[in-house]
Amino acid sequence: MSKTILITGATDGIGFETAKLLAAAGHHLLIHGRSADKLARTHAELRDLDGAGKVETFRADLSKLDEVAALARALRAAHPRLDVLINNAGVYKVSGPTTVDGLDLRFVVNTLAPYLLTQSLLELMSAESRVVNLSSAAQASVDLAALAGEKDLGDGEAYAQSKLALTMWSFQLAQTLGPEAPVIVAVNPASLLASKMVKEAYGVAGHDLSIGADVLVRAALDEEFAQAHGRYYDNDHQRFADPHPDALNPEKNRALVATVEKLIDQRLKAPH
């Protein structure tokens, strides 16, 4: 049966490879990107695939929380149901790491934006739906002052902290939502895959992107992930595993989510 699936950051890298697999299987894809031109090209490529289902495009800059909120509103207006949300979009190395709101862009795109989008789309999802969050093998203890924009971090540290923060809120949200909530799972798609982000960050070609795309499709659709609520899947070891110990600490998870919600609330209420 065809499912309605939203993929953020679907115009290149793992997101695009995942979109190709899901489109070819006939699913109804909602693809997000930051560039209108890239979205148009991606839409055309996906629609030309044999067996492709319906494909729709949604543009938003995830470094701007007001655009994330607007994206969620557009999605709610266009669709009564969402079967799968794949929070794939992420950044590592950027020329200007501080946003106009005074936050680290890595935390905004990798942590805050997917949290806001997920919370804003929960009303479209059921217990049969799934939220797949792209975590990473790179995870480091989150400095809440850095998350709040009060301390500068290097590229690697900001990325690793933002990915642990994503994993932590995945665990916390899974624990606090009721039985009708969607399955929420954090997935490390595999280390050093051949994405543009990996090439820019590490200067290596990387492994085949299909390794990551395959596990995201499984997480979105397969029975093996049907009971993965509040769990972490490590594709480097091809099994469910424990993430960084901080994500297993309920007190730290609650503090992280409280900070995330405060930062989002402050930015969305601020005049623009």
Side-chain angles (χ1 to χ4, degrees), residues 1-64 67-91 109-110 113-114 116-126 128-134 182-185 187 189 193-197 208-223 225-226:
M1 184 177 74
S2 174
K3 292 185 180 293
T4 301
I5 302 173
L6 169 62
I7 308 174
T8 65
T11 58
D12 55 37
I14 301 171
F16 179 50
E17 295 302 315
T18 303
K20 286 194 291 186
L21 292 175
L22 292 169
H27 294 289
H28 181 174
L29 291 193
L30 315 178
I31 59 170
H32 155 267
R34 185 177 59 176
S35 161
D37 289 341
K38 280 189 174 182
L39 273 171
R41 289 196 298 269
T42 301
H43 180 270
E45 289 187 57
L46 295 176
R47 290 296 296 122
D48 285 343
L49 295 172
D50 289 340
K54 187 175 181 181
V55 180
E56 297 178 57
T57 62
F58 292 85
R59 198 210 68 80
D61 182 344
L62 300 189
S63 72
K64 300 175 181 177
E67 291 197 22
V68 179
L71 170 63
R73 289 194 296 271
L75 287 159
R76 292 197 305 267
H79 294 280
R81 187 189 87 249
L82 183 64
D83 297 304
V84 181
L85 165 57
I86 301 178
N87 283 311
N88 162 75
V91 292
V109 174
N110 300 350
L116 174 57
L117 188 61
T118 300
Q119 287 280 31
S120 301
L121 297 179
L122 282 175
E123 65 187 65
L124 304 184
M125 294 186 271
S126 70
E128 303 302 314
S129 302
R130 298 184 189 181
V131 176
V132 181
N133 287 333
L134 258 75
V183 169
I184 300 176
V185 59
V187 177
L193 298 179
S195 65
K196 181 175 69 175
M197 184 173 67
D208 195 329
L209 285 172
S210 66
I211 297 169
D214 287 343
V215 75
L216 293 187
V217 170
R218 286 164 48 204
L221 303 174
D222 286 5
E223 184 63 27
F225 282 84

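Position 1 is the first residue of the sequence, and the numbers go up from there.
Residues Thr118 and Asn87 meet the side-chain proximity criterion, which asks for heavy atoms closer than 4.5 Å. Ser129 has its side chain out of reach of Leu82: every pair of non-hydrogen atoms, C-beta onward, lies at least 4.5 Å apart. The side-chain heavy atoms of Phe225 and Val185, taken from C-beta on, include a pair separated by under 4.5 Å. Considering only heavy atoms from C-beta on, Arg81 stays 4.5 Å or farther from Leu124 through its side chain. Within the 4.5 Å cutoff, side-chain heavy atoms of His27 are placed close to those of Leu221. Using a 4.5 Å cut-off on side-chain heavy atoms (C-beta onward), Thr11 and Phe16 make no contact. The shortest side-chain heavy-atom distance between Ser120 and Arg76 falls under the 4.5 Å cut-off. Side-chain contact check for Val91 versus Leu62: every heavy-atom pair is 4.5 Å or farther apart.
Residues Leu49 and Ala24 approach most closely at CD1-N, 4.4 Å, considering heavy atoms. Of all the heavy atoms in Ser2 and Gly26, the pair that sits closest is OG-O, 3.2 Å.
Heavy-atom contacts from other residues, nucleotides or ligands closer than 6.0 Å to NZ of Lys20 number more than 12. Within a 6.0 Å sphere centred on CG of Asp48, heavy atoms belonging to other residues, nucleotides or ligands number more than 12. Atom CD of Glu223 has 12 or fewer neighbouring heavy atoms from other residues, nucleotides or ligands inside a 6.0 Å radius.
The main-chain N or O of Gly9 is found under 3.5 Å from a side-chain atom of His32 such that the two form a donor-acceptor pair.
Remark: the Ser63 side chain and the Asp61 side chain contain an N/O donor-acceptor pair separated by less than 3.5 Å. Under the 3.5 Å distance criterion, with hydrogens and angles disregarded, no donor-acceptor pair is assigned to the side chains of His43 and Glu56. A donor-acceptor pair shorter than 3.5 Å cannot be found between the side chains of Thr18 and Asn88.
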Next on the checklist: As a quick check of understanding, evaluate side-chain contact (heavy atoms from CB on, under 4.5 Å) for Thr42 and Leu39, giving each step before the final call.
Outcome noted: CA-CA 5 Å; Thr42 301; Leu39 273 171; 5.6 Å; no
Checklist entry - Is there a side-chain contact (heavy atoms from CB on, under 4.5 Å) between Leu117 and Leu71 once you walk through the steps? => result CA-CA 8 Å; Leu117 188 61; Leu71 170 63; 4.1 Å; yes
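With respect to Arg130 and Asp83, no salt bridge is recorded, no charged nitrogen being found less than 4.0 Å from a carboxylate O.
For Arg34, the salt bridge (Lys or Arg N to Asp or Glu O under 4.0 Å) test picks out no residue, with sequence neighbours left out. Glu67 meets the salt bridge (Lys or Arg N to Asp or Glu O under 4.0 Å) test with Arg59; sequence neighbours excluded.
Between Asp214 atom CG and Ile14 atom CD1 the span is 11.0 Å, to the nearest 0.5 Å. Between Ile5 atom CD1 and Ile31 atom CD1 the span is 12.5 Å, to the nearest 0.5 Å. A distance of 10.5 Å separates CG of Leu216 from CG of Leu209, quoted to the nearest 0.5 Å. Residue Asn110 holds its CG atom at 10.0 Å from CG of Leu134, rounded to the nearest 0.5 Å.
Remark: of the listed residues Val131, Leu121, Ile86, Leu29, Leu121 is the sole one forming a side-chain contact (heavy atoms from CB on, under 4.5 Å) with Leu6.
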